[in-house]
Amino acid sequence: MNALVVVAAGSGRRMGGPVPKQYLDLQGKAVIIHTLEQFYRYDPKIKIVVVLAKSHLKFWNKTSSSSEAALGCEVVTGGENRYDSVRNGLQLIPNGCIVGIHDAVRPLVSQETIGRCYRAAHESGSGIPVLEMEDSVRMITARGSENLERERLRRVQTPQVFKSELIRSAYDQAFAQTVTDDASVYEAMHGELTLVAGNPENIKITKASDLDLASLII
Ligand code: C5P
């Protein structure tokens with residue numbers, strides 16, 4: 001069975017304004033509805049858990065009745081940071097599933113990316129969407145900065161997809177401040193990851209200009 005944890009419990013303060021970014025309108029639909037519909041389209045039987053902030057329940061209740069993809073979702077409250085929110089969501093996912101963990105604020109994930117990630121996780125335990133770097137990159141050091149070899153670097157997106165019992169056991173470990181994604185949590189316990197191609201439009205909506213860009217892409 002395919003399953004999905006959508007993390008939507010962030011406060012989204014960087015965007016400003018009274019409505020959290022996952023509930024803002026994007027071409028006639030809330031951002032989170034676009035996100036849920038992409039996965040529902042990939043597999044209408046997928047089990048979806050949405051992780052919400054308690055204070056956002058009113059936004060969710062208003063939004064979720066507008067789409068079939070949202071109506072069947074289970075809801076759980078999130079935590080202080082993304083790590084805790086993912087862990088809360090994973091508690092509702094049974095063993096024996098292939099489970100994706102996806103940022104609610106990435107509505108432009110493609111069907112192809114979703115398929116590549118779920119297939120890789122089914123075969124190897126994990127499927128992580130990445131993109132090559134187009135810019136040159138530098139690392140800040142004690143003395144200034146140094147160039148990093150671009151060909152060896154990748155940008156990491158979501159959904160990050162895993163065999164459910166493997167990612168759940170990894171999330172039972174202690175929280176590390178340095179961890180910013182699920183792949184790193186998995187890797188710390190189970191070792192090597194399978195990387196697959198993401199899609200460049202799969203941006204994380206963080207600032208107001210990202211919403212304008214997403215609107216243009218749609
Ligand atoms: O803050 P950041 O941009 O990394 O958030 C990525 C995703 O994680 C967002 O969808 C956000 O709602 C979610 N999140 C969460 N719980 C938190 C912090 C972030 O579900 N405490």
Side-chain angles (χ1 to χ4, degrees), residues 3-26 29-40 46-64 67 69-70 73-93 99-110 113-114 117 128-131 154-162 167-168 170-171 174-186 198-199 201-214:
L4 176 70
V5 172
V6 174
V7 279
S11 58
R13 289 212 180 82
R14 277 169 289 186
M15 186 76 94
V19 181
K21 55 195 174 181
Q22 51 275 41
Y23 301 101
L24 289 174
D25 182 81
L26 173 58
K29 264 186 249 178
V31 167
I32 190 169
I33 297 296
H34 283 276
T35 304
L36 294 171
E37 286 183 346
Q38 280 301 88
F39 287 88
Y40 186 73
I46 193 167
K47 174 188 168 67
I48 305 181
V49 173
V50 180
V51 186
L52 300 175
K54 254 196 200 123
S55 58
H56 294 170
L57 259 177
K58 56 180 184 297
F59 297 111
W60 170 256
N61 289 337
K62 203 169 145 209
T63 311
S64 60
S67 163
C73 294
E74 275 187 76
V75 168
V76 67
T77 46
E80 189 65 8
N81 43 56
R82 189 183 182 280
Y83 185 96
D84 293 319
S85 294
V86 172
R87 192 153 58 176
N88 290 359
L90 285 176
Q91 272 164 9
L92 298 183
I93 304 293
V99 62
I101 301 169
H102 189 67
D103 296 329
V105 288
R106 291 187 189 265
L108 299 180
V109 59
S110 70
T113 295
I114 297 173
C117 294
I128 312 299
V130 299
L131 293 177
R154 297 292 181 271
R155 290 160 50 201
V156 185
Q157 305 183 325
T158 73
Q160 301 189 357
V161 185
F162 310 92
I167 190 68
R168 278 167 49 128
Y171 262 96
F175 170 65
Q177 282 295 340
T178 48
V179 162
T180 57
D181 72 347
D182 316 296
S184 312
V185 178
Y186 176 95
N199 61 292
E201 312 78 34
N202 184 16
I203 56 171
K204 182 157 91 171
I205 295 182
T206 308
K207 314 175 292 302
S209 60
D210 299 328
L211 197 62
D212 295 339
L213 181 59

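First listed ligand is number 1; within each ligand, the first listed atom is number 1. Index from 1, following the sequence. From a predicted model like this one, the values you see are computed outputs, not experimental measurements.
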Looking only at heavy atoms, is any part of Glu80 under 4.0 Å from ligand 1, and if so is it the side chain, the backbone, or both, or is it neither? backbone

Contacts of Phe39 that satisfy ring pair (Phe, Tyr, Trp, His ring centres under 6.0 Å) - sequence neighbours left out: His102

Are the side chain of Arg155 and the backbone of Leu131 linked by a donor-acceptor contact shorter than 3.5 Å? no

Spacing of Asp210 atom CG and Lys204 atom NZ [to the nearest 0.5 Å]: 10.0 Å

Within-shell test, Asn81 vs ligand 1, heavy atom, strictly < 4.0 Å: yes

Contacts of type ring pair (Phe, Tyr, Trp, His ring centres under 6.0 Å), residue Phe59, not counting sequence neighbours: Tyr23

State the atoms of ligand 1, each with its element, that fall below the 4.0 Å cut-off from a heavy-atom position in Ala104. 10 (O)

Any heavy atom of Val51 closer to ligand 1 than 4.0 angstrom? no

For ligand 1, indicate whether the residue Ser85 contacts it via side chain, backbone, both or neither (heavy-atom separation under 4.0 Å). side chain

If we only consider heavy atoms of Gly79, is any one of them less than 4.0 Å away from an atom in ligand 1? yes

Show the atoms of ligand 1 that are less than 4.0 angstrom away from any heavy atom in Ala8. 12 (O), 20 (O)

Sub-4.0 Å atoms of ligand 1 with respect to non-hydrogen atoms of Val105: 9 (C), 10 (O)

Counting distance only, does the side-chain N/O of Arg168 pair as donor-acceptor with the main-chain N or O of Ile93 below 3.5 Å? yes

Determine whether Lys29 and Thr35 make a side-chain contact, defined as any pair of heavy atoms from C-beta on separated by less than 4.5 Å. no

